[in-house]
Amino acid sequence: MRIKIRAFASFREILGREMLVEIESGSRVSDLINHLCKIKPDLRRALFSDTGELRDYFIIMLNRRRLDLPKDLEAAISDNDEVAIFPPVAGG
Amino acid sequence: MRIKIRAFASFREILGREMLVEIESGSRVSDLINHLCKIKPDLRRALFSDTGELRDYFIIMLNRRRLDLPKDLEAAISDNDEVAIFPPVAGG
Amino acid sequence: MISDSEIDLEELLNRSMKPDAGAVVAFVGVVRADPGVRALEVEAYEEAALEELRRIKDEAIGRFGVSSVDVAHRKGRLSLGEVIVVVVCASAHRKEAFQACEYVIEELKRRVPIWKKELTEEGERWVRGDAC
Amino acid sequence: MISDSEIDLEELLNRSMKPDAGAVVAFVGVVRADPGVRALEVEAYEEAALEELRRIKDEAIGRFGVSSVDVAHRKGRLSLGEVIVVVVCASAHRKEAFQACEYVIEELKRRVPIWKKELTEEGERWVRGDAC
């Protein structure tokens, strides 16, 4: 299935503004993250500490709804979903 | 001595915008009020209840400083003082 | 400032917008179309009002540390929907700008010698002041 | 509204000034001249930001009973002193207009996916968001 990845701010500088990735049907958010970390090793350094723990300085939205991490790492994703990755917001 | 009287809002409609009154040297605020009530009987009805008590729906300023009534009725006034009479403010 | 002529809102705002003040909060009071009201007549004890506004402005700067406070109030005849008062507070931080702006308009309404008369279909009536 | 071009503050304010709303409160955020900063680059996840702004606006109307809430946010390159965000709340009464305006800017900063990068003399740096 095909997932649209969008990235903003510091994560845009790692992943680019937008890309389409092909991933196995039935994948979960965690599978997608692992896939992206393989393509972009800098993403692994941004998302995980040296000891492999998930950092908390990023947000993931699935179809514009914010995921509750780490719980929602197990959320299922579907063909044509839009997944956005970005740091905490700082507008205004 | 000569006192400048200024009146605003409903009190302007009774007293006029501005006038000069001559009053005996050594007079107090209360003397001035009595004098004005003689010239303008409508002022007496605005300041005093039917039983002769001072109402609280007006403010007096002496040289642009608000008087604390009824205490300051005994304040002395001097030649060329400016006394202003008006209802509670309602700007903004 | 107390003025007979229309308040230039944009000019007032632009005056406050300086690169050292990241937050500007403005209050704009508009003549509201209350039932039966056709227009408003605003009267001021101008010298005393300007003195009191200056004191309120200094208090707001002292209490909240804002960098500027500007106030403009109309006098004379106003139509429905016209701007009657503008308060603009600029500050490095937004919380203080909000607090100062609310303080200034509250104190203005409580202390500054200005009065409003409503011109209605049945005649004229002075708006009753809250505080005495 | 999220826009590349300069925010027309007067147009935004005039839109809110209707005779049924006696009180208009506006927050204007300005690019502050922090030490070393030369300009700001603003980036937005625009579709998500507009959805979130719509939710915040509805919350403010529901909670405070204000009659209108308008928000404009810049994106792209901004110079020092330029307007980055404007929130305008109109209400029959001033207390609610102040509360709604402060609510909207606080929630915007906490929830709306927009980011700022400071362009400084030494290079570029993303402004760190407070909430996660």
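Order of the sequence lines fixes the chain letters, A, B, ..., with proteins taken first and strands second; residue numbering starts at 1 for each chain.
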| request: Considering only heavy atoms, give the residues of residues 8-20 of chain C separated from chain D by less than 4.5 Å, sorted numerically, with 'none' for an empty result. | output: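 Against chain D, the residues of residues 8-20 of chain C that fall inside the cut-off (heavy atoms, under 4.5 Å) are C:L9, C:E10, C:L13, C:M17, C:K18, C:P19, C:D20.
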| Of all the residues in residues 81-106 of chain C, which have a heavy atom that comes within less than 4.5 Å of a heavy atom in chain D? |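 The residues closer than 4.5 Å to chain D, in numerical order, are C:G81, C:V83, C:A92, C:H93, C:R94, C:K95, C:F98, C:C101, C:E102, C:I105, C:E106.
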| said: Does C:R54, at its CZ atom, have more than 12 non-hydrogen atoms belonging to other residues, nucleotides or ligands within less than 6.0 Å? | reply: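 12 or below, so no.
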| request: Output the option from C:G22, C:A23, C:G29, C:A33 having the highest count of non-hydrogen pairs under 4.5 Å with chain D. | output: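 Most pairs with chain D among the choices: C:G22.
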| message | What part of D:V31 gets within 4.5 angstrom of chain C, counting heavy atoms only: side chain, backbone, both, or neither? | response |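 For D:V31, the backbone is the part near chain C, not the side chain.
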